[in-house]
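Following: one structure in structure tokens, then a few remarks.
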Amino acid sequence: MSGEADAKQSEKCRFWLLDVNHEPRDGKPEIWMWGVDDHGRRVLVIDRNFAPYFYLVLGAQETPETVLERVRRKQAELPSVEGFELTVRRFFGQPVYAIKVLCRNPDLVPELAEALSGVVGVERCLEGDVRYSMRYLVDNDVSPCGWLETEVAEEDGSGIQVDRVLVAKSAPKRIQMETTPKLRVLSFHAVYHASRGTPKPDRDPVLVVATVTDRGERKQFVAEGADDTFVLASFVRYVRQYNPDVVVGFETNRLHWQYLAARAKRLGVDFSVDRVGMLPHTSVYGHVSVTGRTSVDVLDLADELPEVKVKTVENLADYLGVKELGKQTVIDETEYASYWDNPSKRSELVKFAKERAECISGVFNAMFNYEAELSRLVGLPLDHVVKAAVGFRTEWYMIREAFRIGELIPERTERPYIPYVGGIVLSPKPGIHENVANLDFKSMYPSIMVEKNVSPDTYLQPTEPEPPQGVNIAPEVGHRFRKEPPGFYRRILTSLLAARGNVRQKMMNLSPRSEEYRLLDARQRAIKVITNAVYGYAGWIGARWFRKPVAEAAAAWGRETISTSIELAKQMGLDVIYGDTDSIFVKYDPQKVEALCRTIEERLGLEMKPDKINKLILFTEAKKRYCGLLPDGSLDMVGLEAVRGDWANVAKDTQEKVLELVLKQRSPDKAVRFVREHIGRIRKQKVSFRDLIIWKTLTKPAEQYEVNAPHVQAAKMLMKEGWELAVGDKVGYVVTHGAGKLYERVKPYVFASYGEVDTEYYVSNQVVPAALRILSLFGVDEKALLEAETPKQSRTLADFVT
DNA sequence: GCGCCAACAGTACCA
DNA sequence: ACTGGTACTGTTGGCGCG
């Protein structure tokens, strides 16, 4: 073929990578990259030129050529081997010889690895567990949610729902482009007839599927009588017609894809909602994939928002300020059937589904930038990064760095769990303090790990001699780390810290309201999360690069750091009121605090600065619980019942109000009066029923509990009525009248009426303890809150402030 | 058999 | 399925008592 002819056929394609998967075609593997090109066309770029591979690592004493020869001799028995390459890599920093085994078929890699690991001289087999499509992205240094460029030729693409199917003629290259193409996003919510507990696709029809697109088109597909064939068929038709890049739902991974597909199968409806005419299928991390589209479950996004305690779509939307939710009626799943079965209420159910689809869309939009940045940073496709836990995100970032520096990726192994000592927490000085600065170390653990070169590859075993470059020795635990060369973790953390610094620098010249600022903010947040996770990752027994002394040493240096800071503060005459891990609370004397921070930076090489200045701050006897009054007049409630998800709202709200009256109005007396009045309202059932619900998470299957915990009892009652509960679900219950143990008196809130609620329980076990947590500092006791008012000396806060 | 209490189980928080 | 440190509620079962 002449060069000219070739040039006519091939062209450059620039595309934003949405998703990647691999397809075996005639026994040969293909990488399929789904994207949107710079003309807004949907493209599928296929690469047929990437061989899967793994490494055979040789023992240190072996002659590499000899082992290679032994391995070669086996090739005849192993037809799927494409070839061998002798290479030098590093494993935990040590140079090793490794044979790179190139294969024809990624699915046969584990089998081949097994067959070849037995060859004499082969010490271990590595990287056979890196998925082929991820291997491709890593080796080409390209990321999803970013732009790529490659030489392509167009190919016939019948049966595939994109504008162009292209074959890559060159390896893709990452290109610098900051824009995000306009993605087609379809959000949906489905409602099923829940006739007897959790709906079953074999029994219960789909009542409504409500959709909303990024263009604002809203549709509701509603069952006619008991016939839902139409609902499914028209939903599928609509998805195919709109052809979204992203499909968003709530509980899609756990529920909807499986349910809709099963229901469609039963009704004989073709449920191929993807871009290749196949059904949704289960993929890694428990994610359900829709080939060619990105399927996002808003429930997974909720994991990023720990402030939202009960993860309903509405709570998420409300927290993100997505929508005016004031007037929206939320219909509980347990009520779907009764709404549907009552013709006059059906339209309310449809309206609810429609509004929920809109909330889902809103939550996705609010979080898209962040998730896309995370995807680009760690290199996992958007739908996978959303589902992946922090440890895996961090690890994928590391895998990319490892590839760049020729470091082999360790295998995942099972190890025993042995805990180690962590950070220091001081007992606070109880009471109310005026003008207290909260001094924080900036990225303490990452900075220590960089500074001391703490890393799995710089760690010296106790038996190893000290290298000429010298070592850093961790206090208390004595672990030694080479000062040079820079360790794997140091490289990773240095580049992350620098990258975040650059982004933050750029942000300073932008208006916080600009789109670019918001994008960069999402980027710096993503970088921060990964940076801060590296220490935790190092101590995670599931980590590929786990070395217990690494985490243990970082923690020990952390303790030394905070102890030294406390000492210095005291020496400078600063009153230390509290401290936890990487922060100290001192009486705010601006000059002294500034001097302290300067000294610490000089002496320890770590940056410490005032984070918050509290006008007032309240501590009880307990660690990890306090409330500050900030200069802007807001309360910073930490650890207290008011910020916990497992106390009834009546108690949380009471405590918050008490804190306001005490700290803002400086009146414990008013707070006592408020609590007494509020108790009166509770006894008269004047508070909302919803505010009496206690939510607790089911952390294991209900049968496996050793004690009769109230929320488990409530869970069992739900299960008895046919409701399926999974580990991780929150159970909402109320306490009712009756005799015996608490667990004998609880009911799932959906089964209880206000009349049966034991308000006295809420008074004495929720509201009073939450209020006394604060008010006992002022000599208030239970009696003062519960018994008839006795005239007493009125006190002001001044009597208590120190 | 009853009340008391320490140990334990369980959950959710802070850094 | 990132770490350890911590507070706190409610259950359980042993103990002394009568």
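Below, chain A is the first sequence line, B the second, and so on; all start at residue 1.
One atom, CD of Glu703(A), and another, C1' of dG10(B), lie 17 Å apart when rounded to the nearest Å. The CZ atom of Arg415(A) sits 14 Å away from the P atom of dC2(C) (whole-angstrom rounding). Straight-line distance from the OH atom of Tyr705(A) to the C1' atom of dG10(B): 7 Å, rounded to whole Å. For the pair Asn765(A) CG and dC8(C) P, the interatomic distance rounds to 15 Å; values are reported in whole Å. Taking atom OH of residue Tyr420(A) and atom C1' of nucleotide dC2(C), one finds them 9 Å apart after rounding to whole Å. Rounding to whole angstrom units, CD1 of residue Ile418(A) and P of dG4(C) are separated by 11 Å. Rounded to whole Å, the distance from CG on Asp646(A) to P on dC13(B) is 6 Å. Nucleotide dA1(C) holds its P atom 15 Å from the CG atom of Leu380(A), rounded to whole Å.
Among Lys570(A), Lys587(A), Lys429(A), the one residue that satisfies the salt bridge (charged side-chain N to carboxylate O under 4.0 Å, His left out) test with Asp575(A) is Lys429(A).
Checked against the 6.0 Å centroid threshold, Tyr417(A) and Trp540(A) do not count as a close aromatic pair. In summary, the aromatic rings of His711(A) and Tyr705(A) are positioned with their centroids under 6.0 Å apart. Close placement of the Tyr749(A) and Trp695(A) rings is indicated, their centers lying within 6.0 Å of each other. Taking the centre of each ring, Phe619(A) and Tyr578(A) come in below the 6.0 Å mark.
Relative to the six-membered ring of Phe92(A), Arg547(A) meets both conditions, a distance below 6.0 Å and an angle of at most 45° to the axis.
Using a 4.0 Å heavy-atom criterion, one finds that Ala622(A) contacts the sugar-phosphate atoms exclusively. Heavy atoms of Phe392(A) sit under 4.0 angstrom from at least one base atom. Note on Val712(A): nothing from the nucleic acid sits closer than 4.0 angstrom, heavy atoms only. Residue Thr394(A) is classed as having no contact, given no heavy-atom separation below 4.0 Å to the nucleic acid. Using a 4.0 Å heavy-atom distance criterion, Phe441(A) is classed as making no nucleic acid contact. As judged by a 4.0 angstrom heavy-atom cut-off over every strand, Gly536(A) is placed among the base-contacting residues. Backbone-only contact: Tyr626(A) has heavy atoms under 4.0 Å from sugar-phosphate atoms and none from a base. Counting any heavy atom pair closer than 4.0 Å across all strands shown, Lys730(A) reaches sugar-phosphate atoms only and no base atom. Lys741(A) comes within 4.0 angstrom of a base, heavy atoms only. Backbone-only contact: Trp647(A) has heavy atoms under 4.0 Å from sugar-phosphate atoms and none from a base. Within the nucleic acid shown, Gly542(A) has no heavy atom closer than 4.0 Å to any nucleic acid atom. In this structure, Arg559(A) reaches neither bases nor backbone, as no heavy-atom distance under 4.0 Å exists between it and the strands shown.
Classified by interplanar angle (parallel below 30°, tilted 30° to 60°, perpendicular above 60°), the ring pair Phe481(A)/Trp557(A) is tilted.
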**Request:** May I have the step-by-step check of side chain to side chain donor-acceptor pair (under 3.5 Å) for Asn253(A) and Asp300(A), ending in yes or no?
**Result:** CA-CA 9 Å; Asn253(A) 284 331; Asp300(A) 297 328; 2.8 Å; yes

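Residue Lys696(A) has its side chain nearest to dT11(B) when only dC8(C), dG4(C), dT11(B) are considered. Here dT6(C) is the nucleotide among dC8(C), dT6(C), dA1(C) with the atom lying nearest to any side-chain atom of Lys624(A). Among the nucleotides dC8(C), dT11(C), dG10(B), the one closest to any side-chain atom of Leu742(A) is dT11(C). The listed nucleotides are dG10(C), dT11(B), dG4(C); the one nearest the side chain of Tyr761(A) is dG10(C). Of the candidates dA1(C), dC8(C), dC13(B), the closest approach to any side-chain atom of Arg773(A) belongs to dC8(C). For Thr697(A), taking side-chain heavy atoms from C-beta onward, the closest of the listed nucleotides dA12(B), dT3(C), dG5(C) is dA12(B). The side chain of Trp540(A) sits closest to dT3(C) out of dT3(C), dT12(C), dC8(C). In the set dT3(C), dT9(C), dC2(C), the nucleotide with an atom closest to the side chain of Ala533(A) is dC2(C).
Between Arg625(A) and the phosphate of dC8(C), there is a side-chain N or O to OP1/OP2 separation shorter than 4.0 Å. Taking only side-chain nitrogens and oxygens, His711(A) comes nearer than 4.0 Å to OP1 or OP2 of dT11(B). Side-chain nitrogen and oxygen atoms of Lys309(A) include at least one within less than 4.0 Å of the OP1 or OP2 phosphate oxygen of dC13(B).
Between the side chains of Thr697(A) and Lys730(A), at least one donor N or O sits under 3.5 Å from an acceptor N or O. Under 3.5 Å, the side chains of His384(A) and Ser283(A) contain a donor-acceptor pair of N or O atoms.
When each of Asn708(A) and Val534(A) is assigned the nucleotide of DNA chain C with its nearest heavy atom, Val534(A) is the one assigned upstream, toward the 5' end.
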**Request:** Could you encode protein contacts along nucleotides 1-8 of chain B as a string, one character per nucleotide from 5' to 3', using B for base contact, S for sugar-phosphate-only contact and - for no contact, with a heavy-atom cut-off of under 4.0 Å?
**Result:** --------

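The base-pairing partner of dC13(B), taking Watson-Crick or G-U wobble contacts with both distances under 3.5 Å, is dG5(C).
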